[in-house]
Amino acid sequence: MDRYLVFGHPVRHSKSPFIHTLFARQTQQELEYGLAEPAVDEFAQALRTFFDQGGKGCNVTVPFKEQAFTLVDRLSLRAKRAGAVNTIKLTDDGVLLGDNTDGAGLVADLKSHGVTLADSRILLLGAGGAARGALAPLLAELPSELVIANRTHTKAQQLAAEFHDLGPVTAQAYEQLAGPFDLVINSTSASLQGELPPLTPALIHTDIAIYDMMYGASDTAFISWAKQHGARQTMDGLGMLVEQAAEAFTVWRGIRPGTKQVLRELKRNLGVI
């Protein structure tokens with residue numbers, strides 16, 4: 001039976017085995033999917049061992065995405081742009097292909113919620129790896145403008161300059177932000193600590209769409225804050241998790257699984273519904 005893993009540290013909390021087991025059942029694919037939690041300095045050896053022993057593919061999560069980028073034989077265009085790898089496939093000719101499905105998962109989830117990206121004005125909070133992975137797929141949807149805001153403004157400027165060839169992307173300091181925006185995406189990890197980006201409530205209006213890449217059994221701090229200030233459409237990153245997994249499954253198996261029922265099952269598993 002074909003073997004797949006998710007590498008991370010820590011990774012015991014990962015829902016990837018749950019998601020991919022449901023995908024396999026749905027598409028009648030014979031595979032098993034497990035967890036691997038090597039020490040931070042042992043990832044490279046663990047990855048090699050997995051594929052030497054017949055592994056077919058893997059997901060890679062924190063803190064190994066950038067390291068995986070340097071360990072594969074070939075990179076997809078979206079992995080090159082993201083500067084990180086979250087999906088690896090052993091091809092038929094023995095090549096380790098590194099891909100990044102995070103941005104595609106974000107865009108797919110936004111569209112599933114009916115969010116219009118074309119000609120929209122998007123504010124992306126954060127300039128780390130999550131933001132980098134999202135930029136190319138978001139710009140491919142032809143927004144009118146994509147603004148990056150980050151606590152360290154120079155990082156936002158560098159990121160905007162790097163992706164400027166793909167579309168209208170700029171960097172603005174938090175205190176200089178001026179609306180209206182159609183969509184605000186929080187790619188920072190602030191919600192993990194119950195903290196908020198330094199965003200003025202004046203930017204929130206009833207027709208804005210709010211997206212937090214973090215998720216939990218209840219609203220994140222950012223979503224709660226946005227609701228308090230009048231946002232009617234708010235989304236967390238649980239759907240993105242399922243959609244990026246579906247994209248990875250498609251890379252591995254060549255068949256696209258459905259995500260709606262799997263997302264419902266995941267929410268039930270987490271106690272969200």
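From a predicted model like this one, the values you see are computed outputs, not experimental measurements.
- Within the 4.5 Å cutoff, no side-chain heavy atoms of V262 are placed close to those of P257.
- Proximity of a side-chain donor or acceptor of Q26 to a complementary backbone N or O of G258 within less than 3.5 Å is detected.
- Relative ring orientation between F249 and F23 is described as perpendicular, the plane-to-plane angle rising above 60° on a 0-90° scale split at 30° and 60°.
- Atoms OG and CE, from S112 and M240 in turn, are 12.5 Å apart once rounded to the nearest 0.5 Å.
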**OP:** I would like to know whether L31 and W252 meet side chain to side chain contact (heavy atoms under 4.5 Å, CB included); could you show each step before the answer?
**Re:** CA-CA 11 Å; L31 61 87; W252 293 329; over 6 Å; no
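- Contact annotation: the side chain of I88 never approaches that of L71 to less than 4.5 Å [non-hydrogen atoms, C-beta and beyond].
- From T188, atom OG1 reaches atom CD of E195 across 9.0 Å, with rounding to the nearest 0.5 Å.
- Minimum heavy-atom separation, Y211 to L106: CE2-CD1, 3.5 Å.
- In this structure, D93 places its CG atom where more than 12 heavy-atom neighbours from other residues, nucleotides or ligands lie under 6.0 Å away.
- In plain terms, the two heavy atoms of A136 and L166 that are nearest each other are CB-CD1, 3.8 Å.
- Y4 and L47 are not part of a single hydrophobic cluster, where members link through side-chain heavy atoms under 4.5 Å apart.
- Taken from CD1 in I19 to CG in L238, the straight-line distance is 7.5 Å, to the nearest 0.5 Å.
- Note on V147 and L139: separate hydrophobic clusters, where clusters join Ile, Leu, Val, Met, Phe, Trp and Tyr whose side-chain heavy atoms are under 4.5 Å apart, directly or indirectly.
- Between N100 and F69, every side-chain heavy-atom pair lies at or beyond the 4.5 Å cut-off.
- Closest of all the heavy-atom pairs between I204 and A231 is CG2-N, 3.7 Å.
- In the hydrophobic clustering of ILVMFWY residues, with side-chain heavy atoms under 4.5 Å counting as a link, L90 and V60 come out together.
- The shortest side-chain heavy-atom distance between T61 and S14 does not fall under the 4.5 Å cut-off.
- Annotation: salt bridge (Lys or Arg N to Asp or Glu O under 4.0 Å) contacts involving residues 12-27, sequence neighbours excluded, comprise R12-E37.
- For the pair N59/H20, a side-chain contact is recorded, criterion being any heavy-atom separation below 4.5 Å from C-beta on.
- For Q233 (side chain) and H113 (main-chain N/O), a donor-acceptor pair under 3.5 Å exists by modelled atom type.
- Looking at every heavy atom in both residues, A127 comes nearest to N150 through N-OD1, 3.2 Å.
- Contact between A246 and T250 at its shortest, heavy atoms only, is O-OG1, 2.8 Å.
- Around the NE2 atom of H164, the shell of radius 6.0 Å holds no more than 12 heavy atoms that belong to other residues, nucleotides or ligands.
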Residues 48-55, side-chain donor-acceptor partners within the protein, below 3.5 Å, at least two apart:
{"from": "R48", "atom 1": "NH2", "to": "Q45", "atom 2": "OE1", "distance (Å)": "3.4"}
{"from": "T49", "atom 1": "OG1", "to": "Q45", "atom 2": "O", "distance (Å)": "2.9"}
{"from": "T49", "atom 1": "OG1", "to": "Q45", "atom 2": "NE2", "distance (Å)": "3.1"}

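- Residues L75 and V72 are in side-chain contact: their nearest non-hydrogen atoms beyond the backbone lie under 4.5 Å apart.
- For T70 (side chain) and Q67 (main-chain N/O), a donor-acceptor pair under 3.5 Å exists by modelled atom type.
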Donor-acceptor pairs under 3.5 angstrom involving side-chain atoms of residues 167-184: please list them, not counting sequence neighbours.
{"from": "T170", "atom 1": "OG1", "to": "E145", "atom 2": "OE2", "distance (Å)": "3.3"}
{"from": "D182", "atom 1": "OD2", "to": "R121", "atom 2": "N", "distance (Å)": "2.7"}

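- Looking at D102, its side chain never comes within 3.5 Å of a backbone N or O of G133 through a donor-acceptor pair.
- The backbone N or O of S120 lies less than 3.5 Å from a partner atom in the side chain of S144, making a donor-acceptor pair.
- Within the 3.5 Å criterion, the main-chain N or O of L125 finds a donor-acceptor partner in the side chain of S187.
- Here the shortest heavy-atom pairing between E66 and G83 reads CG-O, 4.0 Å.
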Name each donor-acceptor pair under 3.5 Å that joins a side chain in residues 153-160 to protein atoms two or more places apart or in another chain, with its distance.
{"from": "H153", "atom 1": "NE2", "to": "Q157", "atom 2": "NE2", "distance (Å)": "3.4"}

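- A salt bridge links E247 and R78; the closest N-O separation between the charged side-chain nitrogens and carboxylate oxygens is under 4.0 Å.
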**OP:** Kindly indicate, with the supporting measurements, whether the criterion side chain to side chain contact (heavy atoms under 4.5 Å, CB included) is fulfilled by K267 and R264.
**Re:** CA-CA 5 Å; K267 287 180 176 179; R264 282 195 293 268; 5.8 Å; no
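- One hydrophobic cluster holds both L263 and L241 under the rule that ILVMFWY side chains link at heavy-atom gaps under 4.5 Å.
- Atoms CG and CD, on D109 and E243 in that order, are 6.0 Å from each other to the nearest 0.5 Å.
- The ring of F7 has its center no closer than 6.0 angstrom to the ring center of F64.
- The hydrophobic cluster containing I208 does not contain V115, counting ILVMFWY residues as joined when their side-chain heavy atoms lie under 4.5 angstrom apart, directly or transitively.
- Residues V107 and L138 meet the side-chain proximity criterion, which asks for heavy atoms closer than 4.5 Å.
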Distance-only check: which donor-acceptor pairs under 3.5 Å involve side-chain atoms of residues 213-222, not counting sequence neighbours?
{"from": "D219", "atom 1": "OD2", "to": "K227", "atom 2": "NZ", "distance (Å)": "2.8"}
{"from": "T220", "atom 1": "OG1", "to": "D212", "atom 2": "OD2", "distance (Å)": "2.8"}
{"from": "T220", "atom 1": "OG1", "to": "I223", "atom 2": "N", "distance (Å)": "3.2"}

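- Surrounding CD of Q193 are more than 12 heavy atoms belonging to other residues, nucleotides or ligands, all under 6.0 Å away.
- Using a 4.5 Å cut-off between side-chain heavy atoms of Ile, Leu, Val, Met, Phe, Trp and Tyr, M1 forms no hydrophobic cluster with any other residue.
- Between L5 atom CG and K56 atom NZ the span is 14.0 Å, to the nearest 0.5 Å.
- Between the side chains of S76 and D99, a donor-acceptor pair is found at a separation under 3.5 Å.
- With rounding to the nearest 0.5 angstrom, the CG atom of D2 is 4.5 Å from the CZ atom of R253.
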